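Could you have a look at this structure, given as structure tokens, before my questions?
Since we're looking at a predicted model, the values are computed, not measured. Throughout, protein chains are lettered first and strands after them, A, B, ... in sequence-line order, and every chain is numbered starting at 1.
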2 protein chains.
Amino acid sequence: MDVRGHLDLLLLAVLADGGPVHGYALIAALRDRSDGMFDLPEGTVYPALHRLEREGLVVSHWEPAVPRRRRVYALTSDGRQARVAKQVEWRSFVSGVQSVLGPAAGPVPA
Amino acid sequence: MDVRGHLDLLLLAVLADGGPVHGYALIAALRDRSDGMFDLPEGTVYPALHRLEREGLVVSHWEPAVPRRRRVYALTSDGRQARVAKQVEWRSFVSGVQSVLGPAAGPVPA
DNA sequence: GTCCATACCTAGGCAACCTAGGTATAGCCG
DNA sequence: CGGCTATACCTAGGTTGCCTAGGTATGGAC
């Protein structure tokens with residue numbers, strides 16, 4: 001299943017809750033936390049992280065090779081704000097779809 | 001706000017609950033039911049309806065000009081099934097995102 | 001009789017994501 | 001040792017899905 005325009009929210013959420021992490025581990029974390037639903041290819045995640053860094057939402061640094069070279073990403077304060085904003089947007093999106101689906105589709109959670 | 005890959009579900013849901021309807025009215029219904037969030041351009045909706053018809057999920061017929069010529073769309077039984085399937089997929093998607101967002105993000109509705 | 005709303009349509013653009021391929025090292029197993 | 005798999009990074013270019021921008025035509029209001 002693809003992420004349907006919500007990739008940034010997912011990445012920022014993992015970084016916010018899980019602390020600094022490198023790309024490969026981020027992919028694994030996303031797979032685990034979504035119970036296997038979001039098993040994103042590297043070609044999706046790495047370019048996205050580079051873009052988020054260009055936008056100032058994350059920063060990265062190279063870790064010395066123990067046991068491998070790794071690029072570790074962390075949220076900036078802009079990133080934390082963006083995460084909150086995107087989560088609000090997500091809720092609003094879900095609520096919009098739910099209301100189109102009809103009352104039988106169930107309420108939106110608190 | 002765009003529909004993030006869930007256009008078909010939205011269209012099928014309106015057609016399923018609101019009965020046969022023509023394109024322009026479908027756009028209005030979607031706008032109303034989403035409280036203004038989904039105000040889709042005609043260039044999104046008309047091609048999508050044509051595609052759904054090619055796929056056998058809807059059928060259309062021209063209504064005699066009272067007061068205008070209108071192309072009215074209705075769900076086929078395949079369309080009804082697809083709506084259910086896509087709604088299941090939607091729920092599963094929401095649930096996947098929620099679980100990535102963390103317990104604090106609130107449970108998925110019944 | 002002009003203007004806006006209704007009602008339909010399509011070609012082409014753009015953004016987001018994925019596919020497919022590449023590099024390099026560590027660790028296991030025979 | 002020598003091969004294989006897993007880890008870990010990267011990018012060019014294709015595909016998909018929706019939107020932008022433009023077009024046609026009629027009805028009703030003023």
Side-chain angles (χ1 to χ4, degrees), chain A residues 1-12 14 20-32 34 37-55 57-58 60-73 82 86 89-90 93 96-97 100, chain B residues 1-12 14 20-32 34 37-55 57-73 82 86 89-90 93 96-97:
Chain A
M1 164 102 59
D2 65 44
V3 290
R4 306 286 177 104
H6 303 284
L7 177 60
D8 291 2
L9 170 59
L10 294 175
L11 298 181
L12 295 174
V14 170
V21 89
H22 63 282
Y24 206 76
L26 205 167
I27 291 173
L30 212 42
R31 184 175 49 240
D32 293 348
S34 69
M37 176 175 297
F38 301 129
D39 190 5
L40 303 185
E42 302 175 21
T44 294
V45 172
Y46 289 120
L49 287 170
H50 300 162
R51 179 175 41 75
L52 290 175
E53 183 155 35
R54 277 200 308 279
E55 293 167 1
L57 305 186
V58 303
S60 73
H61 65 98
W62 282 99
E63 256 189 13
V66 279
R68 283 168 178 289
R69 72 178 238 250
R70 284 169 171 171
R71 188 165 208 161
V72 173
Y73 291 88
K86 280 172 195 297
E89 199 193 301
W90 158 255
F93 176 73
V97 174
V100 171
Chain B
M1 163 98 66
D2 65 44
V3 290
R4 307 288 179 105
H6 302 284
L7 178 59
D8 290 3
L9 170 60
L10 294 174
L11 299 181
L12 294 174
V14 171
V21 91
H22 63 281
Y24 205 77
L26 205 167
I27 291 172
L30 213 40
R31 184 174 51 239
D32 294 348
S34 70
M37 176 176 296
F38 302 128
D39 190 5
L40 303 185
E42 303 176 20
T44 294
V45 173
Y46 288 120
L49 287 170
H50 299 163
R51 180 175 42 74
L52 291 175
E53 184 156 34
R54 276 199 309 279
E55 293 168 0
L57 305 186
V58 304
V59 282
S60 73
H61 65 98
W62 282 100
E63 254 190 15
V66 277
R68 281 168 182 291
R69 74 177 236 239
R70 285 169 171 172
R71 187 165 208 162
V72 173
Y73 291 88
K86 281 173 193 297
E89 197 193 302
W90 159 255
F93 176 73
V97 174

Between P on dC8(C) and CD on E53(B), what's the gap in Å once rounded to a whole number?
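Taking atom P of dC8(C) as the reference, CD of E53(B) is at 13 Å.
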Strictly below 4.0 Å: does H50(A) bring a side-chain N or O up to OP1 or OP2 of dT11(D)?
yes
Counting only side-chain heavy atoms from C-beta out, which of dC17(C), dT7(D), dC9(C) sits nearest to W62(B)?
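In terms of side-chain proximity for W62(B), the closest of dC17(C), dT7(D), dC9(C) is dC9(C).
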In terms of heavy-atom contacts, A48(B) and L7(B) come closest through CB-CD2, 3.7 Å
Return the orientation label for the W90(A) and F93(B) ring planes: parallel under 30°, perpendicular over 60°, tilted otherwise.
perpendicular
If you look at every heavy atom in E89(A) and R4(B), which pair is closest and at what distance?
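Closest approach of E89(A) to R4(B): OE2-NH2, 3.1 Å.
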Is the distance from OP1 or OP2 of dT26(D) to the nearest side-chain N or O of R68(B) less than 4.0 Å?
no
Options dC8(C), dA26(C), dC17(C), nucleotide nearest the side-chain atoms of E42(B):
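Nearest to the side chain of E42(B) among the choices is dC8(C).
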Expressed as a whole number of angstroms, how long is the span from L49(B):CG to dC8(C):C1'?
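Atom CG in L49(B) sits about 11 Å away from atom C1' in dC8(C).
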For the pair made of CZ in R69(B) and C1' in dA5(C), what is the distance, rounded to whole Å?
15 Å
Does dC9(C) have its OP1 or OP2 closer than 4.0 Å to a side-chain nitrogen or oxygen of Y46(B)?
no
Measuring from the side chain of Y73(A) (C-beta onward, heavy atoms only), which nucleotide among dC19(D), dG27(C), dC10(D) has the closest atom?
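Nucleotide nearest to Y73(A)'s side chain: dC10(D).
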Describe the nucleic acid contact of P41(B) in one word from base, sugar-phosphate, nothing, applying a heavy-atom distance below 4.0 Å.
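If one applies the 4.0 Å heavy-atom cut-off, P41(B) turns out to touch a base.
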First of R71(B) and H6(A) reached from the 5' end of DNA chain C, by closest nucleotide
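The residue closer to the strand's 5' end, by nearest nucleotide, is R71(B).
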Looking for any heavy atom pair under 4.0 Å, which part of the strands does G23(B) touch: base, sugar-phosphate only, or nothing?
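If one applies the 4.0 Å heavy-atom cut-off, G23(B) turns out to touch the sugar-phosphate alone, with no base involved.
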Whichever of V45(A) and T44(B) has the more 5' nearest nucleotide on DNA chain C, that residue is T44(B)
